[in-house]
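The structure appears below as structure tokens.
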Protein chains: 2
Amino acid sequence: MKVHELARSEQVSAATIRHYVRVGLLQPRKGSNGYHVFAEPEQRRLRFIRQARGLGFTLEDIQTILQDAEKGQSPCPTVRQLIEPRLQQAREKLEAMQALVERMENAVASWQEQPDCQPCGDHICLLIEGSDHTEQNRGGDASHE
Amino acid sequence: MKVHELARSEQVSAATIRHYVRVGLLQPRKGSNGYHVFAEPEQRRLRFIRQARGLGFTLEDIQTILQDAEKGQSPCPTVRQLIEPRLQQAREKLEAMQALVERMENAVASWQEQPDCQPCGDHICLLIEGSDHTEQNRGGDASHE
DNA sequence: TGTTGACCTGAGAGTAAGGCTCAGGTTTAT
DNA sequence: ATAAACCTGAGCCTTACTCTCAGGTCAACA
Ligand SMILES: [Zn+2]
Ligand SMILES: [Zn+2]
Ligand SMILES: [Zn+2]
Ligand SMILES: [Zn+2]
């Protein structure tokens, strides 16, 4: 199996496989012509990497896990340990994305009723600067333009 | 105002301000000693940048917007146009994060009842490889270990 | 006046996970 | 023989910073 063949068979880009080879996650044999030769174990390894990526592990996590397995240890304790901070981070990112989408949607909605602002030196763009879109606008010098 | 003073007054890191200077988003005057001098307009500019970032614009988007405003044009049309793909991308990322967190939580939950796997040559880690955690496991050669 | 310590500068590298490009080697078919 | 198609490693690009570094500046104190 050459890079592109493996890539097709596992639904990843050849660039991704090259990247894994580069960082040492995959170690294919080299044929006499210099071409990479991927056999069964490498293919299973790639499948494993993709599954682990799908569960939020980083490539470095996966390195650690694979190294455990290669030393004949059960990687499970490492796996159970590594997923905790990843899950925590994923939850945080999820919340951040929820908040962001909400802010963006509120902004777009309120912009429908706002006219384009004209440059006047004391602001840059009122669509953006007047984005108290999460809190209710406290009545102040809002009648700016 | 020097970098650290501006940083404190606007709640960003000095490194961030340096970064903005480096990419041209901020163009402070230089004092005779070579130090940056941030005055009112630069401070408002920074505030604007932060608000735009909070709405999901990229630094490049913000460059474009600021350049509009500097040319005396109203940046609003650009703003309305630029936010669309950003919102789209944010929604996609949000969905991806929701799916990821769900997969991770399902995995962690099911792992509670799974024992650590022992290396046996035909798998790497069953916690990860047996992650049909989204679909129901179709009964097959599941009695592997 | 000398020196210390705090602050400042630009440049450069690092981050995660690949994507893209390049020059050059190989294979296959004409 | 030669051209098309494929392969290789190396290196730079992406985002929005963050960190590090060598060297310049400044205030205070002896
Ligand atoms: Zn105005
Ligand atoms: Zn505007
Ligand atoms: Zn087994
Ligand atoms: Zn395991």
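Convention: sequence-line order gives letters A, B, ...; per-chain numbering from 1.
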Exercise for the section: Tell me what Val3(B) touches on the nucleic acid: a base, only sugar-phosphate, or nothing, going by heavy atoms under 4.0 Å. Expected result: sugar-phosphate
Exercise for the section: Please tell me which of the listed nucleotides, dC17(D), dA17(C), dG19(C), lies nearest to the side chain of Tyr20(B)? Expected result: dC17(D)
Exercise for the section: Output yes when at least one side-chain N/O atom of His19(B) is less than 4.0 Å from OP1 or OP2 of dC19(D), else no. Expected result: no
Practice task
Could you tell me whether Arg91(A) and Glu105(B) make a salt bridge, using a distance below 4.0 angstrom between a side-chain N and a carboxylate O?
Solution key: yes
Handout entry: Audit row: Glu42(B), Arg29(B), side-chain contact (heavy atoms from CB on, under 4.5 Å) steps and yes/no
Key = CA-CA 9 Å; Glu42(B) 294 301 325; Arg29(B) 291 182 298 112; over 6 Å; no
Handout entry: Side chain to side chain, Val108(A) and Glu84(B), heavy atoms closer than 4.5 Å
Key = yes
Handout entry: Distance test, side-chain N/O of His4(A) to OP1/OP2 of dA5(D), below 4.0 Å
Key = no
Problem - dG18(C) OP1/OP2 closer than 4.0 Å to side-chain N/O of Arg50(A) - result: yes
Exercise for the section: May I ask you to evaluate whether Lys2(A) reaches the phosphate of dT8(D), defined as a side-chain N or O under 4.0 Å from OP1 or OP2? Expected result: no
Exercise for the section: Figure out the CD1/P separation between Ile49(B) and dT15(D), and round it to whole Å. Expected result: 16 Å
Practice task
Check whether any side-chain N or O of Thr16(B) sits under 4.0 Å from OP1 or OP2 of dT18(D), and answer yes or no.
Solution key: yes
Problem - Spacing of Glu5(A) atom CD relative to dC6(D) atom P, expressed in whole Å - result: 11 Å
Completion exercise
Only residue of Glu10(B), Glu70(B), Glu40(B) satisfying salt bridge (charged side-chain N to carboxylate O under 4.0 Å, His left out) with Arg45(B) is Glu70(B)
Handout entry: Ser13(B) side chain near dT18(D) phosphate (N/O to OP1/OP2, under 4.0 Å)
Key = yes
Practice task
Please report, rounded to the nearest Å, how far the C1' atom of dA16(C) is from the CD1 atom of Ile62(A).
Solution key: 12 Å
Practice task
Among dG10(C), dC7(C), dC6(D), find the nucleotide with the atom closest to the side chain of Tyr35(A).
Solution key: dC6(D)
Completion exercise
Phe57(A) atom CZ is separated from dA16(C) atom P, nearest whole Å, by 16 Å
Handout entry: Between C1' of dT8(D) and CZ of Arg29(A), the distance in whole Å
Key = 17 Å
Exercise for the section: State, yes or no, whether a side-chain contact exists between Glu129(B) and Phe48(A) at a heavy-atom distance under 4.5 Å. Expected result: yes
Fill in the blank from the handout: Considering only heavy side-chain atoms of Lys30(A), the closest of dG9(D), dC17(D), dG10(C) is dG9(D)
Exercise for the section: Look at the side chain of Arg22(B) and the base of dG12(C), then say whether one donor and one acceptor between them are separated by less than 3.5 Å. Expected result: yes
Problem - Length of the line joining Arg8(B):CZ and dC8(C):C1', which is rounded to integer Å - result: 13 Å
Exercise for the section: Select from Arg53(B) and Phe38(A) the residue whose nearest nucleotide in DNA chain D is closer to the 5' end of that strand. Expected result: Phe38(A)
Practice task
For dG25(C), take OP1 and OP2 only and decide whether either is under 4.0 Å from a side-chain N or O of Asn33(A).
Solution key: no
Handout entry: Any Arg18(B) side-chain N or O less than 4.0 Å from OP1/OP2 of dT9(C)
Key = yes
Problem - Between dA16(D) (P) and Lys93(A) (NZ): distance, integer Å - result: 12 Å
Handout entry: Polar side-chain atom of Asp61(A) near backbone of Thr58(A) as donor-acceptor pair, under 3.5 Å
Key = yes
Exercise for the section: Measure from CD on Gln89(A) to P on dA17(C) and round the result to the nearest Å. Expected result: 11 Å
